[in-house]
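From a predicted model like this one, the values you see are computed outputs, not experimental measurements. The analysis underlying the following values was restricted to heavy atoms, covering all of them including side chains, and did not include hydrogens, waters or symmetry mates. Residues: numbered from 1 along the sequence shown.
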Amino acid sequence: MSIFNGSFNPDVEKLENEGDVNGLIKTLQKGDNQHQVEAARALGRFKADKVIEVLIEALENEDGDVRWNAASSLGKIGSSDVTPFLLKTLRDEKWYVRLQTAEALGEIGDERALLPLLESLKDQKIRNNVAIALGHLGDARAVDHLIEALKDDDFSFRSAAEEALGMIGDEKAVPVLIEALDDKNVSVRRHAAGALGKIGDDRAIKPLLSALNDEKWYVRLQVEEAIQELNARLKENEK
(Lines give C-alpha, C1' and ligand atoms only; values in the text may rest on other atoms or scores of the structure.)
Protein backbone atom coordinates (compact mmCIF):
# COMPACT_ATOMS: atom_id res chain seq x y z
CA MET A 1 0.00 0.00 0.00
CA SER A 2 1.26 3.47 -0.83
CA ILE A 3 2.16 5.78 2.02
CA PHE A 4 0.54 8.59 0.05
CA ASN A 5 -3.18 8.94 -0.54
CA GLY A 6 -4.82 10.85 -3.35
CA SER A 7 -4.75 14.16 -1.47
CA PHE A 8 -1.04 13.87 -0.77
CA ASN A 9 -1.37 13.15 2.92
CA PRO A 10 1.60 10.85 3.53
CA ASP A 11 2.39 8.72 6.53
CA VAL A 12 5.06 11.04 7.91
CA GLU A 13 6.09 8.67 10.67
CA LYS A 14 6.80 5.96 8.13
CA LEU A 15 8.76 8.37 5.95
CA GLU A 16 10.79 9.41 8.97
CA ASN A 17 11.47 5.84 10.11
CA GLU A 18 12.55 4.86 6.61
CA GLY A 19 14.81 7.90 6.30
CA ASP A 20 12.93 9.03 3.22
CA VAL A 21 14.24 12.59 3.13
CA ASN A 22 12.88 13.28 -0.33
CA GLY A 23 9.41 12.19 0.75
CA LEU A 24 9.54 14.42 3.80
CA ILE A 25 10.71 17.36 1.71
CA LYS A 26 7.89 16.80 -0.75
CA THR A 27 5.44 16.64 2.14
CA LEU A 28 6.70 19.92 3.56
CA GLN A 29 6.41 21.60 0.20
CA LYS A 30 3.11 20.14 -1.00
CA GLY A 31 1.28 18.46 1.85
CA ASP A 32 -1.68 19.85 3.74
CA ASN A 33 -1.10 22.01 6.80
CA GLN A 34 -0.87 19.28 9.44
CA HIS A 35 1.44 17.15 7.33
CA GLN A 36 3.68 20.14 6.67
CA VAL A 37 3.97 20.62 10.42
CA GLU A 38 4.87 16.97 10.93
CA ALA A 39 7.38 16.98 8.08
CA ALA A 40 9.08 20.13 9.38
CA ARG A 41 9.50 18.43 12.74
CA ALA A 42 10.74 15.14 11.28
CA LEU A 43 13.34 16.77 9.03
CA GLY A 44 15.30 17.91 12.07
CA ARG A 45 16.81 14.42 12.20
CA PHE A 46 18.54 14.78 8.85
CA LYS A 47 21.57 17.00 8.21
CA ALA A 48 21.56 17.24 4.43
CA ASP A 49 21.96 20.52 2.55
CA LYS A 50 18.67 20.01 0.75
CA VAL A 51 16.95 19.59 4.12
CA ILE A 52 18.40 22.84 5.40
CA GLU A 53 17.27 24.63 2.24
CA VAL A 54 13.68 23.49 2.51
CA LEU A 55 13.51 24.28 6.22
CA ILE A 56 14.79 27.79 5.54
CA GLU A 57 11.99 28.16 3.02
CA ALA A 58 9.53 26.92 5.63
CA LEU A 59 10.48 29.81 7.92
CA GLU A 60 8.37 31.90 5.54
CA ASN A 61 5.38 29.53 5.64
CA GLU A 62 2.05 31.23 6.30
CA ASP A 63 1.33 28.87 9.20
CA GLY A 64 3.01 29.66 12.51
CA ASP A 65 3.18 26.00 13.56
CA VAL A 66 5.16 25.15 10.43
CA ARG A 67 7.53 28.05 11.10
CA TRP A 68 7.88 26.93 14.74
CA ASN A 69 8.84 23.39 13.74
CA ALA A 70 11.14 24.58 10.98
CA ALA A 71 13.03 26.77 13.45
CA SER A 72 13.21 23.89 15.93
CA SER A 73 14.59 21.50 13.31
CA LEU A 74 17.19 24.00 12.14
CA GLY A 75 18.36 24.32 15.72
CA LYS A 76 18.70 20.55 16.01
CA ILE A 77 20.66 20.36 12.76
CA GLY A 78 22.96 23.02 14.16
CA SER A 79 24.43 24.61 11.04
CA SER A 80 25.61 28.19 11.53
CA ASP A 81 24.76 28.83 7.88
CA VAL A 82 21.13 29.30 8.89
CA THR A 83 21.83 31.99 11.49
CA PRO A 84 20.91 34.97 9.24
CA PHE A 85 17.57 33.39 8.42
CA LEU A 86 16.78 32.61 12.04
CA LEU A 87 17.69 36.14 13.05
CA LYS A 88 14.96 37.35 10.73
CA THR A 89 12.52 34.86 12.26
CA LEU A 90 13.46 36.17 15.71
CA ARG A 91 11.16 39.07 14.77
CA ASP A 92 8.26 36.81 13.75
CA GLU A 93 4.75 38.08 14.51
CA LYS A 94 4.00 34.96 16.57
CA TRP A 95 5.60 34.92 19.99
CA TYR A 96 5.93 31.13 20.08
CA VAL A 97 7.85 31.18 16.81
CA ARG A 98 10.19 33.82 18.24
CA LEU A 99 10.60 31.69 21.36
CA GLN A 100 11.57 28.58 19.42
CA THR A 101 13.86 30.62 17.21
CA ALA A 102 15.72 31.91 20.27
CA GLU A 103 16.17 28.33 21.45
CA ALA A 104 17.44 27.31 18.02
CA LEU A 105 19.96 30.14 17.97
CA GLY A 106 21.20 29.03 21.38
CA GLU A 107 21.62 25.46 20.16
CA ILE A 108 23.60 26.63 17.13
CA GLY A 109 25.82 28.90 19.22
CA ASP A 110 26.79 31.37 16.50
CA GLU A 111 28.16 34.61 17.98
CA ARG A 112 26.31 36.59 15.31
CA ALA A 113 23.18 35.92 17.36
CA LEU A 114 24.54 37.68 20.44
CA LEU A 115 23.37 41.23 19.83
CA PRO A 116 19.94 40.27 18.44
CA LEU A 117 19.38 37.99 21.44
CA LEU A 118 20.42 40.75 23.83
CA GLU A 119 17.86 42.97 22.18
CA SER A 120 15.26 40.23 22.54
CA LEU A 121 15.71 40.26 26.32
CA LYS A 122 13.20 43.11 26.09
CA ASP A 123 10.61 40.74 24.61
CA GLN A 124 8.44 39.82 27.60
CA LYS A 125 7.01 36.74 25.88
CA ILE A 126 10.31 35.00 25.20
CA ARG A 127 12.95 36.56 27.42
CA ASN A 128 13.37 33.50 29.67
CA ASN A 129 14.28 31.38 26.67
CA VAL A 130 16.45 34.18 25.30
CA ALA A 131 18.42 34.22 28.55
CA ILE A 132 19.06 30.47 28.30
CA ALA A 133 20.06 30.88 24.66
CA LEU A 134 22.60 33.49 25.73
CA GLY A 135 23.90 30.99 28.25
CA HIS A 136 24.43 28.47 25.48
CA LEU A 137 26.34 31.06 23.45
CA GLY A 138 28.69 31.39 26.40
CA ASP A 139 29.76 34.91 25.47
CA ALA A 140 30.92 37.04 28.42
CA ARG A 141 29.49 40.13 26.74
CA ALA A 142 26.07 38.97 27.88
CA VAL A 143 27.02 38.87 31.57
CA ASP A 144 26.19 42.47 32.45
CA HIS A 145 22.79 42.17 30.78
CA LEU A 146 22.01 38.97 32.67
CA ILE A 147 23.13 40.50 35.96
CA GLU A 148 20.76 43.39 35.27
CA ALA A 149 17.98 40.84 34.76
CA LEU A 150 18.41 39.73 38.38
CA LYS A 151 16.77 43.02 39.41
CA ASP A 152 13.54 42.14 37.60
CA ASP A 153 10.34 41.44 39.54
CA ASP A 154 9.64 38.21 37.62
CA PHE A 155 11.22 35.33 39.53
CA SER A 156 11.18 33.07 36.47
CA PHE A 157 13.24 35.60 34.52
CA ARG A 158 15.67 35.96 37.39
CA SER A 159 15.99 32.18 37.57
CA ALA A 160 16.63 31.90 33.83
CA ALA A 161 19.26 34.64 34.01
CA GLU A 162 21.00 32.79 36.85
CA GLU A 163 21.02 29.56 34.90
CA ALA A 164 22.54 31.40 31.95
CA LEU A 165 25.19 33.00 34.14
CA GLY A 166 26.16 29.56 35.40
CA MET A 167 26.50 28.33 31.84
CA ILE A 168 28.73 31.24 30.87
CA GLY A 169 30.84 30.79 33.99
CA ASP A 170 32.10 34.35 34.36
CA GLU A 171 33.29 35.09 37.93
CA LYS A 172 31.92 38.63 37.61
CA ALA A 173 28.50 37.19 38.43
CA VAL A 174 29.56 35.60 41.72
CA PRO A 175 28.68 38.49 44.09
CA VAL A 176 25.13 38.92 42.77
CA LEU A 177 24.56 35.17 42.76
CA ILE A 178 25.70 34.97 46.38
CA GLU A 179 23.22 37.72 47.22
CA ALA A 180 20.49 35.77 45.40
CA LEU A 181 20.95 32.84 47.81
CA ASP A 182 18.79 34.91 50.17
CA ASP A 183 16.12 35.75 47.61
CA LYS A 184 12.54 35.38 48.80
CA ASN A 185 11.75 33.09 45.89
CA VAL A 186 12.65 29.40 46.10
CA SER A 187 13.40 29.00 42.40
CA VAL A 188 15.78 31.95 42.44
CA ARG A 189 17.66 30.54 45.43
CA ARG A 190 17.96 27.13 43.77
CA HIS A 191 19.22 28.53 40.49
CA ALA A 192 21.66 30.83 42.27
CA ALA A 193 23.19 27.84 44.04
CA GLY A 194 23.38 25.85 40.83
CA ALA A 195 25.08 28.69 39.00
CA LEU A 196 27.64 29.18 41.77
CA GLY A 197 28.51 25.50 41.62
CA LYS A 198 29.14 25.72 37.88
CA ILE A 199 31.27 28.86 38.11
CA GLY A 200 33.48 27.33 40.80
CA ASP A 201 34.70 30.44 42.61
CA ASP A 202 35.89 29.88 46.18
CA ARG A 203 34.10 33.07 47.32
CA ALA A 204 30.90 31.04 47.14
CA ILE A 205 31.96 28.33 49.59
CA LYS A 206 30.96 30.04 52.83
CA PRO A 207 27.65 31.43 51.49
CA LEU A 208 26.74 28.01 50.12
CA LEU A 209 27.53 26.36 53.43
CA SER A 210 25.19 28.84 55.12
CA ALA A 211 22.53 28.07 52.52
CA LEU A 212 22.53 24.45 53.70
CA ASN A 213 20.15 25.77 56.36
CA ASP A 214 17.54 26.86 53.80
CA GLU A 215 13.98 26.11 54.88
CA LYS A 216 13.23 24.18 51.67
CA TRP A 217 14.69 20.70 51.33
CA TYR A 218 15.00 20.93 47.56
CA VAL A 219 17.02 24.14 47.89
CA ARG A 220 19.29 22.38 50.37
CA LEU A 221 19.67 19.49 47.93
CA GLN A 222 20.69 21.88 45.15
CA VAL A 223 23.12 23.60 47.50
CA GLU A 224 24.73 20.25 48.38
CA GLU A 225 25.17 19.46 44.70
CA ALA A 226 26.58 22.93 44.07
CA ILE A 227 29.16 22.54 46.85
CA GLN A 228 30.26 19.21 45.43
CA GLU A 229 30.56 20.65 41.93
CA LEU A 230 32.39 23.74 43.19
CA ASN A 231 34.89 21.66 45.12
CA ALA A 232 35.47 19.43 42.11
CA ARG A 233 36.17 22.46 39.94
CA LEU A 234 38.55 23.93 42.49
CA LYS A 235 40.47 20.66 42.71
CA GLU A 236 40.62 20.49 38.91
CA ASN A 237 42.03 24.00 38.78
CA GLU A 238 44.75 23.07 41.25
CA LYS A 239 46.17 20.43 38.92
Legend entry - Arg127 vs Asp154 side-chain heavy atoms within contact, under 4.5 Å: yes
Legend entry - Closest contact, heavy atoms only, Leu230 versus Leu208: CD1-CD1, 3.8 Å
Legend entry - Sub-4.5 Å side-chain heavy-atom contact between Val21 and Leu24: no
Inset, instruction - List in chain and number order the residues that pass side chain to side chain contact (heavy atoms under 4.5 Å, CB included) with Asn17, two or more places apart in sequence or in another chain; answer none if no residue qualifies. - result: Glu13, Arg45
Legend entry - Arg41 CZ to Leu28 CG distance, which is reported to the nearest 0.5 Å: 12.0 Å
Inset, instruction - Identify the residue among Arg98, Lys125, Arg67 that makes a salt bridge (Lys or Arg N to Asp or Glu O under 4.0 Å) with Asp92. - result: Arg67
Legend entry - Residues forming a side-chain hydrogen bond (donor to acceptor under 3.5 Å, both in side chains) with Arg220, sequence neighbours excluded: none
Show me, pair by pair, the donor-acceptor contacts under 3.5 angstrom made by side chains of residues 84-91, not counting sequence neighbours?
residue, atom, partner, partner atom, Å
Lys88, NZ, Glu60, OE2, 3.2
Thr89, OG1, Phe85, O, 3.1

Legend entry - Ser210 and Lys206 side chains, donor-acceptor separation under 3.5 Å: no
Legend entry - Ser72 side-chain N/O to Trp68 backbone N/O, donor-acceptor pair under 3.5 Å: no
Inset, instruction - Sequence neighbours left out, what passes side-chain hydrogen bond (donor to acceptor under 3.5 Å, both in side chains) with Asn128? Give chain and number order. - result: Ser156
Legend entry - side chain to side chain donor-acceptor pair (under 3.5 Å) partners of residues 171-199, not counting sequence neighbours, each pair once: Asp144-Lys172, Arg158-Asp183, Ser159-Ser187, Ser187-His191, Arg189-Asp214
Legend entry - Residue pair Glu103 / Ile132, side-chain heavy-atom distance below 4.5 Å: no
Inset, instruction - Go through the structure and list residues passing salt bridge (charged side-chain N to carboxylate O under 4.0 Å, His left out) with Arg112, not counting sequence neighbours. - result: Asp110
